[in-house]
Amino acid sequence: MRFFLTALWLALAGWLSGADSLSEQIHSAQAAGNYSQAAKLYRQLIATGTDTPEVRSNCGVMLYLSGQPQAALEQLQMALRRESSLAAANLFAGLSEFDLGRPKAALPYLETARKLDPARPAPLLGLGKVYVALRDYRRANEVYGQAVSLDSQLAEAWYGLGVTDRSLAEEKLNAAARAGSARNAETKQQVQQLLDGALQALNKAVELDPNSARTHLLMAESLADSGKLVEAVPEYQTAIKLDPALDAAYLGLASEYWKDRQFDRALPLLKHVLSHSPRDAEANGMMADILEHDGHNDAAQQHAETALAANPDLIQTRVVLARVYLVKQQPKLAIAELRKVAGADPDGSYHFLLYRAYRAIGDQRDAGAAMAEFQRLRYSAQKP
């Protein structure tokens, strides 16, 4: 961004003969970061008759930097209609379209900016954000990698690599799950390589920008995905310290404590998240498990139902709800929940609950089948 501001001023100096006072005011406003004032002065300059594509482009850039993407886009498009080869105008038109929620419309501007200014990483960073928004993580990963090759000191580019490596790993895992090959050794290796790449990229981002809460958060999530739970906890704690309003960090830290069955530590963090997002699926699911464990079955049922209404795919929460139904002597409801998740039983524990539920309603045949499956899964889970 600093490059473009410098370029704007150097270009401006040649256009303002006879407007030295206005030129100095614009320069002072830009140097002070008062972009809204600079945009106002550019409009005055245009009103005096100095209306070139470059001045329109500069005005649009100042409007964008002052948080006015729609007004910026109008000026930038006027500039590009008269001179389509302005790199800065294409870049900021693309960024404006993105900020206005139109990532597809941003693409042609940013691609043109990249072609016009191939030595600068700014268009690549813009393209990375657009491709992430479009869930095209492969292309996003490629352009972030190109940005790093142009400038290895860009924390934003390393962060983007970390984000997209994690997203590609998740895509691969989901595809493998749909294909029934999630346990395939090659798939596991590919996923682990992507997660390792994400950690390396995020380590570099943290090194370059140690005060970025979002980078510490993503680092924590990547460590957790890689099974490095002990290392993940301080990263979550750092993210919270840097940004106390970052609820995702509270939720992530609560999740690590919950997985480690440290419920006394997880509980206040979950309460914090639910105070801001009372229908959050993950927070309600974990809260249901803790409450059921402590014998508060009515409250556990309420949180489990809220969680499943928001995300029906929470397998462990369905199991918690089934356990609550068994305690409350509602075995038919327990069976309904357990049959939805029986295919995902990791160690036979779900089928043991089914066995109990079927016995409670006197269904000896299905109880026997559930016990047989429990024994099969339990035996296979214990194999070396």
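The structure displayed is predicted, hence computed values, not measured ones.
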TODO: Measure the shortest side-chain to side-chain distance between R376 and E373 over non-hydrogen atoms and say whether it is less than 4.5 angstrom.
DONE: yes
TODO: Identify whether Y236 and M287 are in the same connected component of the hydrophobic contact network (ILVMFWY, side-chain heavy atoms under 4.5 Å).
DONE: yes
Open item on the list: Within a 6.0 Å radius of atom CZ on R339, are there more than 12 heavy atoms belonging to other residues, nucleotides or ligands?
Closed with: no
Open item on the list: Under a 3.5 Å distance rule, please check whether S275 uses its side chain to pair with a backbone N or O of H272 as donor and acceptor.
Closed with: yes
- [ ] Please step through salt bridge (Lys or Arg N to Asp or Glu O under 4.0 Å) for the pair R318 and E305, ending with a clear verdict.
- [x] CA-CA 9 Å; R318 288 203 181 278; E305 290 171 347; over 6 Å; no
- [ ] Considering non-hydrogen atoms only, spot the tightest contact between A232 and A224 and give its length.
- [x] CB-N, 4.0 Å
TODO: Give a yes or no answer on whether the side chain of Y144 reaches the backbone of K129 with a donor-acceptor pair at less than 3.5 Å.
DONE: yes
Task: Evaluation steps, side chain to side chain donor-acceptor pair (under 3.5 Å), between T187 and Q189 - done: CA-CA 5 Å; T187 298; Q189 182 181 17; over 6 Å; no
Open item on the list: For a 4.5 angstrom cut-off between non-hydrogen side-chain atoms, does L354 reach M371?
Closed with: no
Task: Beyond-backbone contact of E337 with R323, side-chain heavy atoms, under 4.5 angstrom - done: no
TODO: Nearest 0.5 Å please: distance from the OH atom of Y358 over to the CG atom of D363.
DONE: 6.5 Å
Open item on the list: Within this structure, what is the CD1-CD1 distance for the pair I361 and I335, rounded to the nearest 0.5 Å?
Closed with: 3.5 Å
TODO: Output yes when a side-chain donor or acceptor of D136 lies under 3.5 Å from a complementary backbone atom of A140, and no otherwise.
DONE: no
Open item on the list: For R102, is the CZ atom crowded, meaning more than 12 foreign heavy atoms sit under 6.0 Å from it?
Closed with: yes
TODO: Give a yes or no on this: more than 12 heavy atoms of other residues, nucleotides or ligands lie within 6.0 Å of atom NZ of K115.
DONE: no
Task: Q190 atom CD, neighbour heavy-atom count above 12 within 6.0 Å - done: yes
Task: Backbone N/O of V55 and side chain of T52: donor-acceptor pair under 3.5 Å - done: yes
TODO: For the residue pair F263 and Y257, establish whether any side-chain heavy-atom pair is separated by less than 4.5 Å.
DONE: no
Open item on the list: Can you confirm whether P244 sits close enough to Y250 that some side-chain heavy atom of one is under 4.5 Å from a side-chain heavy atom of the other?
Closed with: yes
Open item on the list: Is a donor from one side chain sitting under 3.5 angstrom from an acceptor on the other, for S85 and E83?
Closed with: yes
TODO: Supply the atom-to-atom distance E207 CD to T215 OG1, rounded to the nearest 0.5 angstrom.
DONE: 12.5 Å
Task: Side chain proximity check, R56 to Y42, heavy atoms < 4.5 angstrom - done: no
TODO: Ignoring hydrogens and angles, tell me if any N or O in the side chain of D243 forms a donor-acceptor pair with the backbone of A239 under 3.5 Å.
DONE: no
Open item on the list: So which atom in A249 and which in L217 form the shortest heavy-atom distance, rounded to 0.1 Å?
Closed with: CA-CD1, 3.7 Å
Open item on the list: Looking at K40, I want to see if its NZ is surrounded by more than 12 non-hydrogen atoms of other residues, nucleotides or ligands under 6.0 Å.
Closed with: no
TODO: Could you list all the side chain to side chain donor-acceptor pair (under 3.5 Å) pairs where at least one residue sits in residues 216-234, not counting sequence neighbours?
DONE: R166-E221, R166-S222, R166-D225, H216-E235
Open item on the list: Using the rule that Ile, Leu, Val, Met, Phe, Trp and Tyr join whenever any side-chain heavy atoms are under 4.5 Å apart, tell me whether L251 and L242 fall into a single cluster.
Closed with: no
Open item on the list: Taking L63's backbone N and O only, do any of them form a donor-acceptor pair with S66's side chain (distance below 3.5 Å, no angle check)?
Closed with: yes
Task: Test applied, ring-ring contact (aromatic ring centres under 6.0 Å, His included); reference residue, Y64; option that passes from F92, F98, Y35 - done: F92
Open item on the list: Can you see whether D260 engages Q262 through a side-chain donor-acceptor pair at a distance of less than 3.5 angstrom?
Closed with: yes
Task: Neighbour count above 12 (heavy atom, 6.0 Å) for E282 CD - done: no
Open item on the list: Closer than 3.5 angstrom, by distance alone: can the side chain of T50 be matched with the main-chain N or O of I46 as a donor-acceptor pair?
Closed with: no
TODO: Flag yes if M286 and L246 sit in one hydrophobic cluster, no otherwise; membership is Ile, Leu, Val, Met, Phe, Trp, Tyr, and two members link when side-chain heavy atoms are under 4.5 Å apart.
DONE: yes
Task: Heavy-atom check, side chain of R265 versus side chain of L269, under 4.5 Å - done: no
- [ ] Show your reasoning for whether side chain to side chain contact (heavy atoms under 4.5 Å, CB included) applies to I290 and L270.
- [x] CA-CA 10 Å; I290 294 171; L270 291 171; 3.7 Å; yes
TODO: Verify the cluster assignment for V143 and L161: are they in a single hydrophobic cluster under the rule of side-chain heavy atoms below 4.5 Å apart?
DONE: no
- [ ] Would you please say whether a donor-acceptor pair under 3.5 Å links the side chains of Q192 and D196?
- [x] yes
Task: Side chain S212, main chain D209, donor-acceptor under 3.5 Å - done: no
Open item on the list: I need the single residue from D117, L95, L116, L76 that forms a side chain to side chain contact (heavy atoms under 4.5 Å, CB included) with N90. Which is it?
Closed with: L116
Open item on the list: For R279 versus N284, what's the shortest heavy-atom pair and its separation?
Closed with: C-ND2, 3.6 Å
Open item on the list: Return the CG to OG1 distance between D289 and T317, rounded to the nearest 0.5 Å.
Closed with: 8.0 Å
Open item on the list: Is it the case that the side chain of D345 and the backbone of H351 share a donor-acceptor pair, with hydrogens and angles ignored and the cut-off at 3.5 Å?
Closed with: yes
Task: Side-chain touch P103/E97, heavy atoms, less than 4.5 angstrom - done: no
- [ ] To the nearest 0.5 Å, tell me how far Q75 CD sits from R43 CZ.
- [x] 5.0 Å
Task: Short N-O contact, R82 and D51, less than 4.0 angstrom - done: yes
Open item on the list: Test side chain to side chain contact (heavy atoms under 4.5 Å, CB included) on R135 and Y137; report intermediate values, then the result.
Closed with: CA-CA 5 Å; R135 297 184 181 276; Y137 300 119; 3.3 Å; yes
Open item on the list: salt bridge (Lys or Arg N to Asp or Glu O under 4.0 Å), that's the test. Do R138 and E142 meet it? Break it down for me.
Closed with: CA-CA 6 Å; R138 182 185 59 79; E142 289 174 358; 2.8 Å; yes
Open item on the list: Hydrophobic clustering (ILVMFWY, side-chain heavy atoms < 4.5 Å, transitive) - are L134 and L127 grouped together?
Closed with: yes
Task: Residue pair S96 / A72: nearest heavy atoms and the distance that separates them - done: OG-CB, 3.9 Å
- [ ] Please report the C-alpha distance between L100 and L73 in whole Å, then the side-chain angles of each, then the deciding distance to 0.1 Å, and finally whether the side chain to side chain contact (heavy atoms under 4.5 Å, CB included) criterion is met.
- [x] CA-CA 10 Å; L100 291 167; L73 187 61; 4.1 Å; yes
TODO: Spell out, as yes or no, whether a donor-acceptor pair under 3.5 Å connects the side chain of S152 to the backbone of V148.
DONE: no
Open item on the list: For a quick test of reading the model, state the closest non-hydrogen atom pair linking V273 to D247 and the distance between them.
Closed with: CG2-O, 3.9 Å
- [ ] Output the distance between atom NZ (K259) and atom CG (L229), rounded to the nearest 0.5 Å.
- [x] 6.0 Å
Open item on the list: Over 60° means perpendicular and under 30° means parallel, so tell me whether F352 and Y355 are parallel, tilted or perpendicular.
Closed with: tilted
Open item on the list: Counting neighbours of CD on Q77 that are heavy atoms of other residues, nucleotides or ligands and sit closer than 6.0 Å, is the number greater than 12?
Closed with: yes
Task: Heavy-atom closest contact (E292 atom, A300 atom, distance) - done: N-CB, 3.5 Å
